[in-house]
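The sequence lines fix the lettering, A, B, ..., with proteins before strands; numbering per chain opens at 1.
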Protein chains: 2
Amino acid sequence: MIGEPGVAVTIKDVARLAGVSASSVCRALADPDRVRPETRDRVQTAARQLGYHPNRVARSLITGRTANIGVVLPDLGNPFFPTVVKAIQTQARRRDYAVLLTDTDEDPAVEVPAIRALAMQVDGFLLCSPRAADDELRAVAEKPMVVLNRRISPFPSVTADNSGGMRQAVSHLHALGHRTISYVAGPRTSWSNRDRLRGLRAATSALGMTLIEIGNVAPTVAGGAAAADLVAAAPVTAVLAYNDLVALGLVQRFQARGIAVPGQLSVVGFDDILVAALVGPPLTTVAIGKEQIGRVGVDLLLALMAAPGAAGLDRAGSERAGPGRGGRARRVVPTQLIVRGSTGPVAR
Amino acid sequence: MIGEPGVAVTIKDVARLAGVSASSVCRALADPDRVRPETRDRVQTAARQLGYHPNRVARSLITGRTANIGVVLPDLGNPFFPTVVKAIQTQARRRDYAVLLTDTDEDPAVEVPAIRALAMQVDGFLLCSPRAADDELRAVAEKPMVVLNRRISPFPSVTADNSGGMRQAVSHLHALGHRTISYVAGPRTSWSNRDRLRGLRAATSALGMTLIEIGNVAPTVAGGAAAADLVAAAPVTAVLAYNDLVALGLVQRFQARGIAVPGQLSVVGFDDILVAALVGPPLTTVAIGKEQIGRVGVDLLLALMAAPGAAGLDRAGSERAGPGRGGRARRVVPTQLIVRGSTGPVAR
DNA sequence: TTGAAAGCGTTACCAG
DNA sequence: CTGGTAACGCTTTCAA
């Protein structure tokens with residue numbers, strides 16, 4: 001660290017010190033093979049000496065690339081998302097991208113404006129469980145987008161194997177003797193909720209079980225607590241929740257009412273957030289590879305941005321851009337039932 | 001939405017449609033009072049019609065401002081941080097700033113490079129519980145910085161009243177009959193850890209209690225679990241943990257070993273993360289206004305950026321820039337002991 | 001292999 | 001109050 005001027009050091013400073021033109025500095029740094037080794041060394045030395053780092057903003061203006069990716073998600077307060085964001089962040093930094101984050105507070109109306117606001121300073125978006133309508137999202141897609149935890153037609157997506165998870169959970173309950181169970185649904189705007197419900201219906205009917213669906217609640221502990229009394233009033237011996245937060249709210253309210261878990265009622269969550277293992281009784285839940293979702297999402301997005309017609313939705317049929325290219329890939333990460341203490345044999 | 005060209009619409013397009021120069025468009029949009037009302041209307045109509053939004057990247061280049069703030073934190077996996085980030089994000093968006101996020105994975109060595117990498121695309125930084133050395137942080141401060149959960153000399157800071165929290169916790173334990181207690185320390189690099197320990201020592205000695213300090217552990221559930229056996233082997237009746245995660249790890253391991261909480265050992269956490277209320281027994285802990293920390297942090301940073309000599313560290317004494325200006329303000333948010341089930345009277 | 005020059009989209013400055 | 005022009009820092013032609 002020799003040079004440390006108060007103001008930023010520009011390419012011109014390096015050029016002057018190295019005794020070459022700005023163009024050469026640019027080349028020497030970006031494409032070391034296209035300049036004479038001697039020049040390259042002089043430039044690199046000068047750059048290091050001055051502590052020069054190219055101004056990414058200025059570069060963006062000419063190249064159109066920003067080296068930023070935008071991440072939009074509904075609620076950092078749901079422990080599921082920080083885990084995904086952390087994975088995104090890690091993978092993005094590895095690929096030399098920075099992450100611009102927006103939390104929409106579960107408000108669908110905020111998503112589109114947020115995307116529009118960020119659009120100019122990012123090369124692409126990772127939409128985490130977006131709540132807005134398909135058409136709105138398609139309409140705002142001027143930049144490459146990858147959708148996480150949802151599928152929207154032309155965009156690549158990364159989702160969890162919700163059906164598989166539900167199948168595992170249901171057969172677990174079936175084996176324990178449960179025949180009539182209920183599902184506490186999450187937000188109506190949540191694709192994962194619909195996907196889980198779909199899988200759940202298939203699984204229960206395949207096993208000849210009865211499913212009682214209970215209204216849509218907020219994907220929070222409070223949401224679960226609010227639904228608990230409805231569940232208790234239904235003739236069920238087990239309940240599956242949209243996610244762990246809801247399941248936790250259910251358990252909490254059951255316990256407050258003296259309803260034993262799993263003695264009188266078994267409870268199954270979804271996501272396997274950290275706290276699921278810590279509560280009493282520990283929560284039986286369906287684990288998702290959250291890190292994998294984030295990581296794969298970044299990879300897909302980078303592939304998409306690198307692709308030839310890297311517009312938002314690859315208009316004009318995108319030639320033969322198969323899923324392999326990241327074209328409109330649909331990656332599904334596996335789920336795994338984690339059996340813990342909140343499920344048990346049905347009381348006879 | 002009338003105009004929706006495939007490519008971005010620039011100021012020139014608006015100028016052409018409105019029949020004025022680019023300069024006028026700029027003014028009409030930025031400073032509506034400085035142009036004739038008629039012109040203003042024509043420009044605004046044209047802009048709306050074309051769906052024009054100024055290119056923030058290009059603007060940055062000339063103004064030097066980016067409308068981004070950088071947030072650097074050690075671990076999104078610790079539920080404390082997402083809550084703070086959410087508050088930051090909300091407040092930032094309200095003020096029309098976007099948030100660039102970096103998770104350093106508790107690695108002090110990553111912080112400085114991360115800051116340097118982001119420096120060019122942000123107007124200032126919010127350093128959340130930074131782990132690097134004071135000098136390193138001061139050295140990298142080319143942009144305004146506000147530090148959260150730590151105090152570093154020339155920077156404004158927002159911290160929790162750790163001493164007050166510890167005092168409340170200790171007198172709570174004292175009232176329950178505890179006389180010898182231990183503290184399971186967090187990362188050595190954590191200022192909060194040192195501050196809490198400081199407050200703890202003062203509180204215990206004021207009440208004539210004995211404090212047994214137990215080594216530094218990672219601020220995670222695993223860290224707590226790892227320290228549990230050391231605590232159990234010490235002649236204490238209660239233990240305070242660096243944070244809730246560590247406390248949870250302690251409780252978990254105690255229960256696995258058949259040590260009753262709070263029957264044989266009382267446990268107190270810090271932070272009051274969501275899960276603290278959900279575990280069994282619910283965790284007695286010291287609550288911090290996490291949202292407030294984030295919100296105040298943003299306000300302080302904005303004030304600092306607006307300040308006259310808005311360099312990183314306001315060199316040259318910054319005239320009379322008192323705390324009121326956000327100069328080198330030190331805001332302390334209150335803490336509040338939340339008594340739950342993990343603490344009880346000492347077994348006789 | 002290198003340098004000069006032309007932008008990228010915007011704002012700031014200075015005449016008019 | 002308005003329009004031209006320069007400039008921000010960089011990359012990318014195009015000649016030499």
Side-chain angles (χ1 to χ4, degrees), chain A residues 5-44 46-47 50-68 96 117 119-123 142-143, chain B residues 5-44 46-47 50-68 96 117 119-123 142-143:
Chain A
V7 281
V9 25
T10 82
I11 202 172
K12 287 185 175 176
D13 300 318
V14 180
R16 198 175 312 123
L17 180 61
V20 298
S21 74
S23 326
S24 295
V25 175
C26 182
R27 279 186 290 249
L29 263 30
D31 214 5
D33 305 328
R34 293 188 60 75
V35 298
R36 185 156 37 111
E38 185 190 314
T39 310
R40 177 173 56 71
D41 292 343
R42 270 225 311 284
V43 170
Q44 290 185 343
L50 260 36
Y52 170 75
H53 293 277
N55 183 327
R56 303 182 86 147
V57 174
R59 171 182 297 178
S60 303
L61 195 54
I62 179 86
T63 62
R65 298 185 56 261
T66 63
N68 293 150
D96 234 330
M120 253 165 330
Q121 16 195 0
V122 303
D123 295 336
E142 296 157 10
K143 288 284 173 74
Chain B
V7 281
V9 28
T10 83
I11 201 172
K12 288 184 172 176
D13 300 318
V14 179
R16 198 175 312 123
L17 181 60
V20 298
S21 74
S23 322
S24 295
V25 175
C26 181
R27 277 185 294 249
L29 263 29
D31 214 4
D33 305 329
R34 293 188 59 74
V35 299
R36 185 155 36 110
E38 186 191 313
T39 310
R40 176 172 56 69
D41 292 342
R42 270 225 312 285
V43 169
Q44 290 185 343
L50 260 36
Y52 169 76
H53 292 278
N55 183 328
R56 303 182 86 147
V57 174
R59 172 183 297 177
S60 303
L61 194 55
I62 180 81
T63 62
R65 297 185 56 259
T66 62
N68 293 150
D96 235 329
M120 254 166 329
Q121 16 194 2
V122 303
D123 295 336
E142 295 156 12
K143 287 286 172 75

Using five base pairs at each end to define the local axes, how bent is the helix from C:dT1-D:dA16 to C:dG16-D:dC1, to the nearest 10°?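 Axis angle across the helix from C:dT1-D:dA16 to C:dG16-D:dC1, nearest 10°: 40°.
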Toward the 5' end of DNA chain D, by each residue's nearest nucleotide, B:Asp33 or A:Ala30: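 It is B:Asp33, whose closest nucleotide lies nearer the 5' terminus.
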Residue [X], side-chain heavy atoms: nucleotide from [options] that is nearest:
X: B:Pro54; options: C:dT10, C:dT1, D:dT12; answer: C:dT10
X: A:Cys26; options: D:dG3, D:dT11, D:dC10; answer: D:dT11
X: B:Val35; options: D:dT2, D:dC10, C:dG3; answer: D:dT2

When all nucleic acid strands are considered with a 4.0 Å heavy-atom cut-off, which category describes A:Val20: base, sugar-phosphate, or nothing?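 Contact class for A:Val20: sugar-phosphate only.
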Distance test, side-chain N/O of [X] to OP1/OP2 of [N], below 4.0 Å:
X: B:Thr39; N: D:dC1; answer: no
X: B:Arg59; N: C:dT11; answer: yes
X: B:Arg36; N: D:dC1; answer: no

For atom CG of B:Leu29 and atom P of C:dT11, their distance in whole Å: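 These atoms are roughly 8 Å apart.
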For atom CZ of B:Arg42 and atom P of D:dT2, their distance in whole Å: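 Rounded to whole Å, this separation is 9 Å.
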Short heteroatom pairs, N/O only, protein and nucleotides 4-8 of chain D, under 3.5 Å:
from: D:dG4; atom 1: N7; to: B:Ser23; atom 2: OG; distance (Å): 3.2
from: D:dG4; atom 1: O6; to: B:Ser23; atom 2: OG; distance (Å): 2.8
from: D:dC8; atom 1: O2; to: B:Ile62; atom 2: N; distance (Å): 3.4

